[in-house]
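Chain identifiers are assigned alphabetically (A, B, ...) following the order of the sequence lines, protein sequences preceding nucleic acid strands; residue numbering begins at 1 within each chain. The basis for the numbers below is simple: all heavy atoms, side chains too, and nothing from hydrogens, waters or symmetry mates.
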2 protein chains.
Amino acid sequence: MFAGTPIVSALAESPNQTYSPRQNAVLECALKVLVEGGERALTTARIAREANCSKESLYKWFGDRDGLLAAVIGFQAAKVRVKDAGQGAGDPDAFRASLVVFARDLLTVLAGDVSLALNRLAIGQASREGSALGRLLLERGRRTIETRARALLESGARAGHISGDLGEAYRVLYALVVRDSHVRLLLGDDLADDERDFATRADAAVDQFFRLHGADGKTGRAGPGPDNNS
Amino acid sequence: MFAGTPIVSALAESPNQTYSPRQNAVLECALKVLVEGGERALTTARIAREANCSKESLYKWFGDRDGLLAAVIGFQAAKVRVKDAGQGAGDPDAFRASLVVFARDLLTVLAGDVSLALNRLAIGQASREGSALGRLLLERGRRTIETRARALLESGARAGHISGDLGEAYRVLYALVVRDSHVRLLLGDDLADDERDFATRADAAVDQFFRLHGADGKTGRAGPGPDNNS
DNA sequence: TACCCTGCGTACCGTACGGTACTGTACGGG
DNA sequence: CCCGTACAGTACCGTACGGTACGCAGGGTA
């Protein structure tokens, strides 16, 4: 996913606390436990046992359980990097293709086990404690996605492919791509077969996006806008 | 019909399980506790204390804690009724107004304390236990909203105001109205000022919906296409 | 009055978890 | 060789919770 691609603007990580390799290994282990068993399984004893470390070390490194959870979220967010996808903005087809790639990536990330587990964790803690984890997740995870998309849209706007407010355009694109799939997945619902086809969904969503925010007349496709509805 | 004898799982069958007034009062109280303090506060002891009943009664009525949670969700869902809003379909303006009302109601419900608390509860339990609560919530809560919207859209389609597949239209409408607000609220994020203006949001979303699914040329408004972007 | 049923209040039990303290051990520098 | 540091492993403690058992009051019935 972020394998060989070059890393772009990794956001000013001033508050980004870094950990030693050993601590990162423990966090990776905690993440695995979280994904496998949910929050209920994420006990300090289990993490310590799974990671072959002592509970005392956990508390020395991360303060308390909440600090550990925050570290897990920050650790995962640090692994996600913004792909450099703002190229080829001059060509309408290339721009459209970039949007489709973004949409497909977005769906893939949101539907992933790790993302779902972390979001469930943050949502479960949102009621108490001022939703610190939720804000952390939004700040670290969502921000990177948004910056990537906005850079893409901005280049498209400069090339005259789309019109309208960029922030509004981003939100519309996000809505058309994700729809209610994220919440339903968080609730444990299964996506329908056609909903699982992220490539087709991304394509259709970008079509609809261009009908709302494409520069006048342009659909982002070679031919006029399709009408595959019965 | 004697109430209180059978201890059913409340999840499997008997979807129309009804409770005595006393039990409903207890469930109402449990709902209040849940909204105020989140799942962590929803302990059997606290419910019993708050509702002036004994823990033993709770277990006799609802089986165990999970049964109680399921009963709370079912109890809340039973309070939500589908408003009969499919009138005036012949008039385009009235049809559009009905959609706007639906959109505003949808946002209001999803942003409500009770809805957020129940969704957080179900999401927190989604990882373990096969996400029974999540399915219950989707089945009871979402279904009613969807039926109302689909009836509305169907009447609009019959009157020739919109085109395209109805299911697709519903999902697009939902996406344009809700966007990512639901997830962000679940995560504890605060909506921006303009996002909190549900009336304006509903209006704009319906505008966009008509541009995607309105019968050719029709925007659902008296005048030409709107320009609500800054 | 005797009996029974319902349900409140509460004491109680087992367990699980967060957090702490203690011990043993490997390592590295002086 | 000694000492400080870091860390694994584990025993331990206080607490909170789910779930159960028991006592007791009120009301209905005969």
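Residue-environment remark: CG (A:D64) exceeds the threshold of 12 foreign heavy atoms within 6.0 Å. With a 6.0 Å radius and a threshold of 12 heavy atoms from other residues, nucleotides or ligands, A:R196 has its CZ atom above the threshold. Annotation for B:D113: atom CG does not count as buried by contact number, only 12 or fewer foreign heavy atoms lying within 6.0 Å.
Looking at residues 31-58 of chain B, you'll see B:N52, B:C53, B:S54, B:E56, B:S57 sit with a heavy atom under 4.0 Å from some atom of DNA chain C.
When DNA chain D is scanned in the 5' to 3' direction for atoms under 4.0 Å from non-hydrogen atoms of chain A, the outermost contacting nucleotides are D:dC7 to D:dG9.
In this structure, the side chain of A:R65 engages the main chain of A:L42 through a donor-acceptor pair within 3.5 Å.
Using a cutoff of 4.0 Å between basic side-chain nitrogens and carboxylate oxygens, B:E139 and B:R135 are not scored as salt-bridged.
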Report the C-alpha separation of A:R142 and A:E146 in whole Å, then their side-chain angles, then the decisive distance to 0.1 Å, and conclude whether the salt bridge (charged side-chain N to carboxylate O under 4.0 Å, His left out) test is met.
CA-CA 6 Å; A:R142 216 133 207 197; A:E146 182 166 356; over 6 Å; no

Apply the test side-chain contact (heavy atoms from CB on, under 4.5 Å) to residues A:L68 and A:L27: give CA-CA distance (whole Å), side-chain angles for both, the deciding distance (0.1 Å), then the verdict.
CA-CA 8 Å; A:L68 177 64; A:L27 291 177; 4.0 Å; yes

